[in-house]
Amino acid sequence: MSRRQFYVTVLITSCIFIFSQCFRKAPEKVNTDVRGEQFAGAATCISCHKQIYDAYVATGHYNTSAPASEKSIKGPFTGDNIFSYSNGTRVVMEARDSGLFQAAYTDSTLQEVHRFDITMGSGRKAQSFLYWQADRYFQLPLSYFVPAHSWANSPGFPPSYPKFDRMIPSTCFGCHSSAVGIKEVHMEGRRLSESFEKNQLVYGIDCERCHGPAADHVAFHREHPQEKTAMHMTRVKMLKNQQRLDMCALCHSGLGTPQKPAFDYKPGDALSDYFFPDFTRPTRAADLDVHGKQYQLFTASRCFVKSDEMNCSSCHNPHNNERDQLATFSRRCMACHQPAGPAFCKLKSLSASVLEKNCIDCHMPVLPSGSITLLTDGQTRATPDSMRTHLITVYPEEVKKILARFK
Ligand code: HEC
Ligand code: HEC
Ligand code: HEC
Ligand code: HEC
Ligand code: HEC
Ligand code: HEC
Ligand code: HEC
């Protein structure tokens, strides 16, 4: 046998071997996660992290995207289910036997109708809805604005007619889901256009979005139930403070120009690996929008600047829904601002026992967003969505309002 024949034979034999291994392994494959076999899927975490899992399913993160249904959609399909545009077109939310729809009528002629396929937003403040057509996702013209209990024109949409053709890019899923299957990316004119694989969507922000792929971790601990130290898993508490901040900043610092998909994130990665640097942002923190900019606002606060190791976990437990528990959050402030110490609140007109119940409304007030505003039916001006600012400081105007309530 010549040398050449020898190599060819070796090559063929190894190909056959590898090929046969693939087929041998195939039936054993239990993992059906669309992200690939390095991912285990959140459901597999239950068996060993039940307490965390059970709490986590009540969070905004877990519920931030879902298949559209009467359960996931907070808005009504009877009663207040009509929105009128200035050109006379009315969009009606209709529950039909075949599903839930937004249907546009002029007089009584149906112009356009699309199905609610996906709900975006857990319904804390607002929800937007997507429909699926020809391998693309589009946003429906009407969103639901929770504080106003009203359907509203989607943020940034024209008030004159119902716009049905806003294409949704993968970046939207990058912050509101755990995976989306991209079929093709191409240029349409100067615009990037993406088409998607149907049903390849992992809803909600799951454990592995923050903790990274965990299949090896699961496999190891299943085989070694006696092992009590986490293996094949990054220990968040051992990361540098900036790495811990970047874990949240990935989605809570606004959308920059992406360098690579947010879905690739693993704990320890730097935010700057995902977005090109942004030189356009306002230099004054007070000029930043309260929506989606928690990272910039918090890191501009004196609490952060003057502390060594402060990050989002100083106040937030990422596995629990602690919404509106202002006394709990205030206790976390007092870990550093102890009532008996020199760093406590300087306001003299209220007693410490009153201050202790709620540091938040005075120092992190709910402020209107400039970028997210929603036009509700019958109004001529859009109402801003309001959010807690993360610029922790003294707000004299807000304090006046609060003190007035005490009098
Ligand atoms: C077969 C059991 C088992 C399964 C399944 C499992 N884990 Fe774990 N995990 C452990 C053990 C044991 C530890 C170490 C003790 C602890 O921290 O609870 C651990 C610890 C962790 C830690 C903490 C690491 C640290 O020390 O900071 C994270 C994060 C984690 N697991 C994530 C996951 C995720 C995400 C899943 C699901 C995809 C998962 N685990 C599934 C057994 C398991
Ligand atoms: C939004 C991001 C995020 C999500 C989603 C998330 N975690 Fe965590 N997890 C963290 C952070 C941050 C820490 C470190 C918390 C700290 O410093 O106290 C952590 C810590 C942990 C730990 C170790 C410390 C502890 O609290 O016991 C385990 C175990 C864990 N996570 C498992 C899970 C599992 C299981 C899920 C899904 C059910 C999950 N995590 C979802 C961010 C997240
Ligand atoms: C993959 C993107 C993503 C990451 C990573 C992420 N978040 Fe979020 N976060 C969101 C989205 C989207 C929402 C809005 C959820 C909704 O629909 O209510 C949200 C909401 C929240 C809320 C409000 C929840 C409520 O119920 O009031 C808090 C607090 C929060 N995130 C903290 C964190 C912290 C802390 C981290 C890092 C440990 C983090 N997030 C990481 C995307 C993310
Ligand atoms: C860079 C990450 C990011 C991108 C991209 C993004 N969002 Fe969000 N979105 C967030 C975060 C974080 C919140 C919650 C915190 C806030 O509003 O400051 C949020 C809130 C929302 C809410 C309100 C949910 C609630 O009740 O708080 C809706 C609805 C929403 N986004 C829809 C969308 C849609 C639709 C797209 C795509 C066209 C999109 N978002 C793109 C990060 C993002
Ligand atoms: C990890 C410790 C820590 C935590 C937790 C913390 N702070 Fe601070 N905070 C500080 C430090 C340090 C300073 C700077 C004090 C100085 O200037 O000497 C500060 C400053 C402040 C200031 C003055 C800001 C200014 O612009 O003058 C206010 C107000 C404040 N904190 C309120 C809060 C509130 C409210 C909370 C909870 C939501 C909180 N802090 C949580 C450490 C902390
Ligand atoms: C000093 C304490 C503190 C720190 C640090 C902190 N937060 Fe918050 N955060 C709060 C409080 C208090 C609320 C209000 C909770 C409520 O009203 O239910 C809040 C609310 C939020 C909300 C919901 C805002 C809204 O109105 O919808 C998001 C999102 C959020 N935090 C993200 C983050 C992220 C991301 C970080 C880190 C970059 C962070 N937070 C750091 C105290 C903190
Ligand atoms: C009713 C509104 C209100 C509440 C509640 C409140 N504060 Fe204050 N806080 C103020 C005002 C106003 C000032 C400025 C007082 C001054 O300088 O005379 C202040 C000052 C401070 C300062 C010093 C800021 C500086 O300039 O150095 C800190 C720190 C602080 N507060 C923390 C807290 C903490 C922690 C809590 C909860 C335990 C809290 N505050 C509750 C209104 C409030």
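We count ligands from 1, going down the list as the structure has it; atoms in each ligand are counted the same way.
- Phe329 CE1, 3.6 Å is the protein heavy atom nearest to atom 15 (C) of ligand 6.
- Heavy atoms of other residues, nucleotides or ligands lying less than 6.0 angstrom from CE of Met238 number 12 at most.
- Near Met387, the atoms of ligand 6 lying under 4.0 angstrom from a non-hydrogen atom of the residue are 25 (C), 26 (O), 27 (O).
- Proximity of Lys266 to Thr234: side-chain heavy atoms (C-beta onward) are nowhere separated by under 4.5 Å.
- With values rounded to the nearest 0.5 angstrom, Ser301 atom OG is found 7.5 Å from Met364 atom CE.
- A distance of 5.0 Å separates CD1 of Ile402 from CG of Asp361, quoted to the nearest 0.5 Å.
- Checked by distance only, ligand 6 and Arg124 come closer than 3.5 Å through their nitrogen or oxygen atoms.
- A distance-only check finds a donor-acceptor pair linking the side chain of His217 to the backbone of Met231 [under 3.5 Å].
- Relative ring orientation between Phe196 and Tyr137 is described as tilted, the plane-to-plane angle lying within the 30° to 60° band.
- Within ligand 5, the atoms closer than 4.0 Å to a non-hydrogen atom of Cys359 are 35 (C), numbered from 1 in the order shown.
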Pair His114-Phe164, ring pair (Phe, Tyr, Trp, His ring centres under 6.0 Å): steps then yes or no: CA-CA 8 Å; His114 292 284; Phe164 279 99; 5.2 Å; yes
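- Using a 4.0 Å cut-off to heavy atoms of Gly121, the atoms of ligand 3 that qualify are 17 (O).
- A salt bridge does not link Lys293 with Asp289: none of the charged nitrogens is closer than 4.0 Å to a carboxylate oxygen.
- Considering backbone and side-chain N/O atoms, His176 never comes within less than 3.5 Å of an N/O atom of ligand 3.
- Checking side-chain atoms of Tyr274 against main-chain N and O of Asp264 turns up a donor-acceptor pair under 3.5 Å.
- Counting heavy atoms closer than 4.0 Å to ligand 5, residue Val305 contributes nothing at all.
- Annotation: Asn317, atom CG; neighbour count of heavy atoms from other residues, nucleotides and ligands within 6.0 Å is above 12.
- Glu188 and Arg136 are joined by a salt bridge, as a carboxylate oxygen and a charged side-chain nitrogen come within less than 4.0 angstrom of each other.
- We find the CE-OG1 distance between Met93 and Thr78 to be 11.0 Å, quoted to the nearest 0.5 Å.
- No side-chain donor-acceptor contact under 3.5 Å links Arg388 to the backbone of Gln294.
- With rounding to the nearest 0.5 Å, the separation of NE2 in His316 from NE2 in His252 is 8.0 Å.
- The protein does not reach atom 22 (C) of ligand 3 closely, with no heavy atom under 4.0 angstrom from it.
- Polar contact check, Ser177 against ligand 3: no nitrogen or oxygen pair lies under 3.5 Å apart.
- In this structure, the protein non-hydrogen atom closest to atom 14 (C) of ligand 3 is Thr64 OG1, 4.0 Å.
- Proximity of a side-chain donor or acceptor of Gln38 to a complementary backbone N or O of Ala215 within less than 3.5 Å is not detected.
- For His61, the nearest N, O or S atom to atom 8 (Fe) of ligand 3 falls under 2.8 Å.
- Between Cys345 atom SG and Leu350 atom CG the span is 8.0 Å, to the nearest 0.5 Å.
- Distances shorter than 2.8 Å separate atom 8 (Fe) of ligand 6 from the protein N/O/S atoms His316 NE2, His390 NE2.
- Residue Asp324 has at least one N or O atom closer than 3.5 Å to an N or O atom of ligand 6.
- In this structure, of Pro267, Ala249, Cys251, Ala66, the residue bringing a heavy atom nearest to atom 43 (C) of ligand 3 is Cys251.
- Inside a 4.0 Å radius of atom 30 (C) of ligand 3 there is at least one protein heavy atom.
- Contact annotation: Gly174 has at least one heavy atom less than 4.0 Å from an atom of ligand 3.
- Residue Lys306 has no N or O atom closer than 3.5 Å to an N or O atom of ligand 5.
- A donor-acceptor pair under 3.5 Å is absent between the side-chain atoms of Gln379 and the main chain of Thr376, judged by distance alone.
- Scanning the protein heavy atoms around atom 34 (C) of ligand 3, the nearest turns out to be Cys248 SG, 3.4 Å.
- Scanning the protein heavy atoms around atom 26 (O) of ligand 5, the nearest turns out to be Thr393 OG1, 2.7 Å.
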Test side chain to side chain donor-acceptor pair (under 3.5 Å) applied to Thr89 and Asn87, step by step: CA-CA 6 Å; Thr89 310; Asn87 74 349; 2.7 Å; yes
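- In summary, Lys125 and Asp385 do not engage in a salt bridge, as defined by a charged side-chain N under 4.0 Å from a carboxylate O.
- Not close to ligand 6: Arg332, with no non-hydrogen atom less than 4.0 angstrom away.
- For atom 8 (Fe) of ligand 5, protein N/O/S neighbours under 2.8 Å (waters excluded) are Cys303 SG, His337 NE2.
- Within a 6.0 Å sphere centred on CZ of Arg381, other residues, nucleotides and ligands contribute 12 heavy atoms or fewer.
- Geometrically, ligand 3 and His252 share a nitrogen or oxygen pair separated by less than 3.5 Å.
- Residue Ile360 approaches ligand 5 through these ligand atoms, each under 4.0 Å from one of its heavy atoms: 38 (C).
- Using a 4.0 Å heavy-atom cutoff, Asn311 is listed among the residues neighbouring ligand 6.
- Among Arg209, Arg323, Met247, the residue whose heavy atom lies closest to atom 5 (C) of ligand 3 is Met247.
- Residue contacts with ligand 3: Ile205 is included, with a non-hydrogen atom under 4.0 Å away.
- One finds a salt bridge joining Arg35 and Asp206 here, because a Lys/Arg side-chain nitrogen approaches an Asp/Glu carboxylate oxygen to under 4.0 Å.
- Of the candidates Ala58, Ala262, Ser122, the one placing a heavy atom closest to atom 16 (C) of ligand 3 is Ser122.
- If you look at Trp151 and Phe145, their ring centroids are not closer than 6.0 Å.
- In terms of modelled atom types and a separation under 3.5 Å, the side chain of His176 and the main chain of Cys172 share no donor-acceptor contact.
- Inclusion of Lys125 in the set of residues having an N or O under 3.5 Å from an N or O of ligand 6 is warranted.
- By the 4.0 Å heavy-atom criterion, Leu326 is counted among the residues contacting ligand 6.
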